[in-house]
Amino acid sequence: MVLDDRKPSYWSRRVSRRRLLGGSAVGLTGLAAAVLVGCGDDEDGESNGGGTPAATTAATSTPGASTSAATPAASERGGSLRVGLATQPSTFDSHFSSPGTDERYLRLVYDPLVFIQRDGSADFDRSVLESFELQDETTLVFRVRDGIQFTNGEVIDAEMVKWNLERQLDPENVAISTQLFSAIDTIEAVDDGTVQLNLSRPYAPILSALGWKGGMVLPRGVVEELGQDDYGRQPIGSGPYKLTSWRDESDLQFERNEDYWLKDAEGRPASYLDDISVRIIPDQTVIVAALQAGEIDYIEEPFRVFQELVDDPNVTTVGNPGAAMVTVYWNHGIAPLNNKLFRRAVSHAWNRDVFNELFYGGLNPPMAGPVPTGSWAYEPQDNFPSYDPEMAKQLLEQSGVPEGERKFNVAGAARVWGGPDAVTLFVDDMAKVGIEVNYLVDRPAGGGPARDGGDGMWASPSGVSLRPDPDVNYSTLYRANAIYNTGYAAVPSLDSALLDAAAATYDQDERKEIYQEVNTILADEIYSVLPGLDRHRWTYVRNDANVQGIQYLWYAPLLRDLWMGA
Amino acid sequence: MADVAAVRFESAAPTRRRLDAARVFLADPKALLGGAVLAVILVFAVFGPLIAPYGENELNPTESLQDPSFSHPFGTDRLGRDIFSRVVYGARTSVLIGVTAAGLAVLFGVPLGILAGYAGGIVDDAIMRFVDAWIAFPNLILILAIITIIGGGVFNIMVAIGLGAFPLYARLIRGQTLSLKEEDYVTAARALGASPGRIMLRHILPNGYQPVLVQASLFTGVAVLSEAGLSFLGIGVQPPTATWGIIIADGFQVIRQSPWGALIPGIPLVLFVMSVNLLGDRIRDLTDPRLRGVVRR
Amino acid sequence: MHRFLIRRVLSLIPVLFFVSALSFFGLELVPVDDPIELVLGPGAEVGQLTDEQYEALLKQAGLDGPITERYVRYLGRLAQGDLGRSRITRQPVTEMFKDRLPVTLWLNSITFVTNVALGVGLGVIAGLYHGTKIDLIATLVAVIGVATPGFWVGILSIIVFTLWLGWLPSSGWVDPLDDFGNGIKHLILPVFALGVFGSASILRQTRSGLIEVLRQDYVTTARSKGLRESVIIRRHMLKVALLPVMTLLGFQIAALLSGSVLIERIFGLPGIGRMALDATQNRDFQVVQAVVMMSALAIVVANLIADMLYAWLDPRIRYS
């Protein structure tokens, strides 16, 4: 039985698992890659159920590979995939969904207007809009694909697309993409099959925006009939699967949409599985046990369970590097955080390597840049202050902040930090250089930061996820009125004009150059967030389920394109 | 039989009774054991900082998750902190919270109970129905709701646990008040014009407090268990403060890598509650009115 | 009997009033800068709402108007089965209950039955063999059981039965109606952890109740009448010994519900207890309020039933 094969590290007394610290982190990306390869080979040949492990599929270990590369053979269609996830969707009303974890659910049920891939390019074969023409810098014309229907029969035409977008421009509704769509002036349904976007200024990220949550197409009739709250629980989409049941905090069931408009080579709907059942299991110990016991086939869990599962001969581990960063949001508008040298001192004082070792098993290396590494705009910055407590002390002296005032509050940690212990470690690091950090455990973590510095909220340990377009990451963090800029503090030496310029040109190389300037400034000033670790995400699949087609789109893997091999 | 002996002792004069009570009290092996264990735990609680080899929050990341050894008798947690030291420090916080919560429960319940018993009539009815309603809420769920309102933190936990438990004391003291208020000296005091407040404070309370005291002592164990549960759930006491519940919670997170953190603190917890129960049972046996003669004073 | 029943039900009314009032006012006491936070949560984007939207949201949540009026409307909503909405998922709380209740019910009812069976069974044995080694062991077990926190027992059992021996799942929920065997397998450890305290305390009560009874006159009378020992046990002593258990039915259920919060957390069971815990941590006020109200209601009903049983059992054993 499978249970016998399960030997959690401690209980089998594998000393190698217990790594002692010394020196700096090994080149961990290399290590991780090596481990991935290692997973593919079953040294003892005892893999249960056989089948080719998924790690050998090209798409898995390198993000950004073209998604259309991997498709199943005809004989590999079908099957029921049992997925275990830690959080359920907050809503299926995609336009108002805010957690990043919602995306994997939304993409099962909906199609985006434009299918944007991780490297930023668009795949119009898989988009609701079948072509795109840039008439001029502020006029975009799209052809709507003919014949796409929702599962309730409503048709996607230009009017439907227009309604979907306008719904999010409405200042009364606080939609997740409102800022992204703020560049849109008007939307015209030129005819049944043509939509024209008139922008108020040139704005390159608009395509990515149409590929994200705001670009998902919802059926107007049902949404208006049920109202936003109730619709969010009973979605209707045009995507590869449909939601057939949802028991709160327990499970969700999806079935193939037999009328899915996107077909594979044989003309059948490009939803390869018969059904997908998702069990919601917030507890890591539980979800790992369920995977190992064969109750579920696929889980996504972070680093903490990596050590349990990487040795498991029945499980294949697939990595998604650079999907997010572990950070501390901070209010650079309040003293002493408004002092650049103080901020740099904090950054020098933080021992990210130990943090990585203890809480992430060494799998999330320290960062040296202001956006997640998976973004094409990321480059490690030489001037980013890395661990050097002596330098930290010097900077504190130079900063002019008197000893009694070298302190700030930090709120309770978000889940991504791995618990209060992680913050305790951070506090300890700061104490070693003479900075007093007051840890307020009960304050909810950031993500939605406390705005008024007046109530003393200085910093908040949390994470930043990779967004479809770097402009989204930069804008939500580093503009003066950015949603994640705690305290709405100004960013003086970062010329917002730089960010505007980066968004205004449609040439990706040009954009990348501008972002390098921005990155250098941010590595020096460290506004808004203190970058910590590069957060990798992991997917674990059972070998006997032979799950194929695992690809990562920014933050989340795509469930929609999975299939189970023969 | 033991009961007869107890009755014989009870009918002696008050001062002699107290001395004999001490002997009888210690003569019971269960109570003796309980007393001994409790004493040990209290010693750790009081002298903790002197006994513990390491600090409460002494991080040592290079020694993360070690097995018990000579230098770390209970092993280390994820941040390399010595679990033995943390358990010792945890004793003081946990015990403190337990005792204070019990005290607060008495503080909340007794005034209400005396008032209800003494006033009688509709005041009594209203208060008792209110108390009945309060009891209807499951304890932990009630505490969660209270914490939602007043927030977390050490003091608020004590208040929440105390608030959750006050009905028992209200009822106990009310029962005592009902019977005591017919006593001669109360009637006399009233005839002399004493105010109800004075009567309640000077005459009823000093004579009726015993069952409350017994129950409150027993409750200390329950309160410590409640606190352990709450801090296990991550509610209340702030890390890096050590309470037994928090150490268990930390240990549970890394249970597959090292079981010691999750396992060890349960032992002093059980020992503490058991010894409190044994002692409390003994006290209750001694003060149980059924074993006494008719004479009360 | 009928009069007794009616009297008891009538006396419930003030209790129910206080239960609902406390649940209602509890929400009132939550310190927020702006009542809209009770609907949208802390740090809500109040500035982005128009005055009409603001009023509409308040009205929808029943937060407008003077306090007595709000209370009455609250009662009205309760009567219609409207328990509010979760401010996080926007889902009606009643639906959340529907999804989660079966989990807690399975857990609690199986635990309750085993508690009574084990507790009474062992308690009777301990009482009958009062003073012997069997009694000593049983009492020791009970004393430890009453002092041991359920969540720690849960952790211990995971360490032993899952990590070390690998026999049982360390958790998750499988509906026994879908897959009975697997479902029960997932409930074994949770029931064990949840039930330790309850069975231990029932054991103690049954034992002391039985010992009391053994001393009473009417047992001597029954013995002197020549009735066989087992008949005596069955007819007389058991009923009397069960009485203390009966009177504490409400407490038992309350303890089970409270214990469920911890057990469901440890074993990953998506029940009501877990719902209450998540709601507390997420400051999902309406959910907390609903759980508080409904669990109190359940206890009140349980107490009523217990009183009925007590009254029914009591007259039959009156010998003296």
Side-chain angles (χ1 to χ4, degrees), chain B residues 3 30 34 125-126 128-152 164 221-222 224-226 228-230 232-235 244-245 248-249 251-252 255-256 259 261-263 265-267 269-278 281 290, chain C residues 11-23 26-27 29-31 143-144 146-153 155-156 158-159 163-164 250-251 253-262 265-266 272-273 276-277 279-281 283-285 288-289 291-293 295-300 303:
Chain B
D3 322 3
K30 290 193 303 238
D125 276 343
M128 280 303 113
R129 294 293 83 77
F130 171 77
V131 166
D132 284 342
W134 199 259
I135 295 182
F137 298 108
N139 196 37
L140 186 55
I141 293 181
L142 177 63
I143 292 178
L144 287 180
I146 294 176
I147 291 184
T148 307
I149 298 175
I150 66 178
V222 175
V224 169
L225 280 179
S226 291
L230 285 170
F232 175 80
L233 293 174
I235 294 176
W244 292 331
I248 296 179
F252 188 55
I255 200 170
R256 282 161 176 264
L263 204 50
I267 299 174
L269 192 54
V270 172
L271 287 175
F272 177 81
V273 181
M274 242 173 48
S275 50
V276 165
N277 284 351
L278 285 174
D281 280 351
R290 279 184 297 176
Chain C
S11 77
L12 278 185
I13 295 181
V15 176
L16 287 174
F17 163 71
F18 275 116
V19 164
S20 60
L22 285 169
S23 305
L27 199 57
L29 290 173
V30 176
V143 165
I144 297 180
V146 163
T148 311
F151 72 91
W152 191 63
V153 174
I155 293 177
L156 265 181
I158 290 178
I159 290 180
L163 296 176
W164 184 24
F251 279 114
I253 296 187
L256 283 178
L257 282 177
S258 285
S260 293
V261 176
L262 288 155
R265 157 78 180 82
I266 292 185
I272 303 288
L277 178 62
T280 305
Q281 289 177 327
R283 302 185 61 75
D284 202 345
F285 306 112
V288 176
Q289 181 187 49
V291 174
V292 161
M293 172 79 214
S295 49
L297 198 58
I299 305 293
V300 168
N303 278 326

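Chain letters run A, B, ... following the sequence lines, proteins first and then strands; every chain starts at 1.
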Just so I understand: if I count every heavy-atom pair under 4.5 Å between each of B:Phe272, B:Phe137, B:Trp134 and chain C, which residue has the most?
B:Phe137
Please determine, among B:Asn277, B:Leu225, B:Leu144, the option with the most heavy-atom pairs under 4.5 Å with chain C.
B:Leu144
Just so I understand: if I count every heavy-atom pair under 4.5 Å between each of C:Val291, C:Leu262, C:Thr148 and chain B, which residue has the most?
C:Leu262
Side chain / backbone / both / neither for C:Phe251 at chain B, heavy atoms under 4.5 Å
side chain
Please examine the side chains of B:Leu142 and C:Val292, heavy atoms only from C-beta on, and report whether any two atoms are closer than 4.5 Å.
no
Between C:Leu277 and B:Ile235, is a side-chain contact (heavy atoms from CB on, under 4.5 Å) present by the stated rule, with each step listed?
CA-CA 10 Å; C:Leu277 178 62; B:Ile235 294 176; 3.9 Å; yes
Taking every heavy atom of C:Val19 against every heavy atom of B:Ala136, the minimum-distance pair comes out as CG2-CB, 4.3 Å
Between B:Leu278, B:Val131, B:Val273, B:Ile135, which has the largest tally of heavy atom pairs under 4.5 Å with chain C?
B:Val273
When C:Gly259, C:Gly150, C:Ala255, C:Pro149 are compared by non-hydrogen pairs under 4.5 Å with chain B, the top option
C:Pro149
Closest non-hydrogen atom pair, B:Arg129 against C:Phe18
C-CD1, 3.8 Å
Pairs of heavy atoms under 4.5 Å with chain B: top-ranked of C:Asn303, C:Val146, C:Leu22, C:Val143:
C:Leu22
Which heavy atom in B:Pro138 sits nearest to a heavy atom in C:Ala254, and how many Å separate them?
CB-O, 3.7 Å
What part of C:Val288 gets closer than 4.5 Å to chain B, counting heavy atoms only: side chain, backbone, both or neither?
side chain
Test side-chain contact (heavy atoms from CB on, under 4.5 Å) on B:Phe252 and C:Ile266; report intermediate values, then the result.
CA-CA 9 Å; B:Phe252 188 55; C:Ile266 292 185; 3.7 Å; yes
Quick one: what part of B:Ile267 sits under 4.5 Å from any heavy atom of chain C, side chain, backbone, both or neither?
both
Non-hydrogen atoms of chain C under 4.5 Å away: do they reach the side chain of B:Phe232, the backbone, both or neither?
side chain
Got a donor-acceptor contact below 3.5 angstrom from the C:Trp152 side chain to the B:Ala262 backbone?
yes
C:Thr280 side, atom OG1; B:Ile147 side, atom CD1 - distance, nearest 0.5 Å:
8.0 Å
Contacting moiety of C:Leu256, where chain B heavy atoms sit under 4.5 Å
neither
Most contact-rich option vs chain C, by heavy-atom pairs under 4.5 angstrom, among B:Asn139, B:Asp132, B:Leu233, is B:Leu233
Counting heavy-atom pairs under 4.5 Å with chain C, which one of B:Gly229, B:Ala145, B:Ser226 comes out on top?
B:Gly229
I need the B:Ile255 CD1 to C:Ile155 CD1 distance, nearest 0.5 Å.
6.0 Å
Taking all atoms of both residues into account, what is the closest heavy-atom pair of C:Ser258 and B:Leu140, and its distance?
OG-N, 2.9 Å
Which atoms of C:Ser11 are under 4.5 Å from chain B, going by heavy atoms: the side chain, the backbone, both sets, or neither?
backbone
Select one option (side chain, backbone, both, neither) describing which atoms of B:Asp281 are under 4.5 Å from chain C's heavy atoms.
side chain
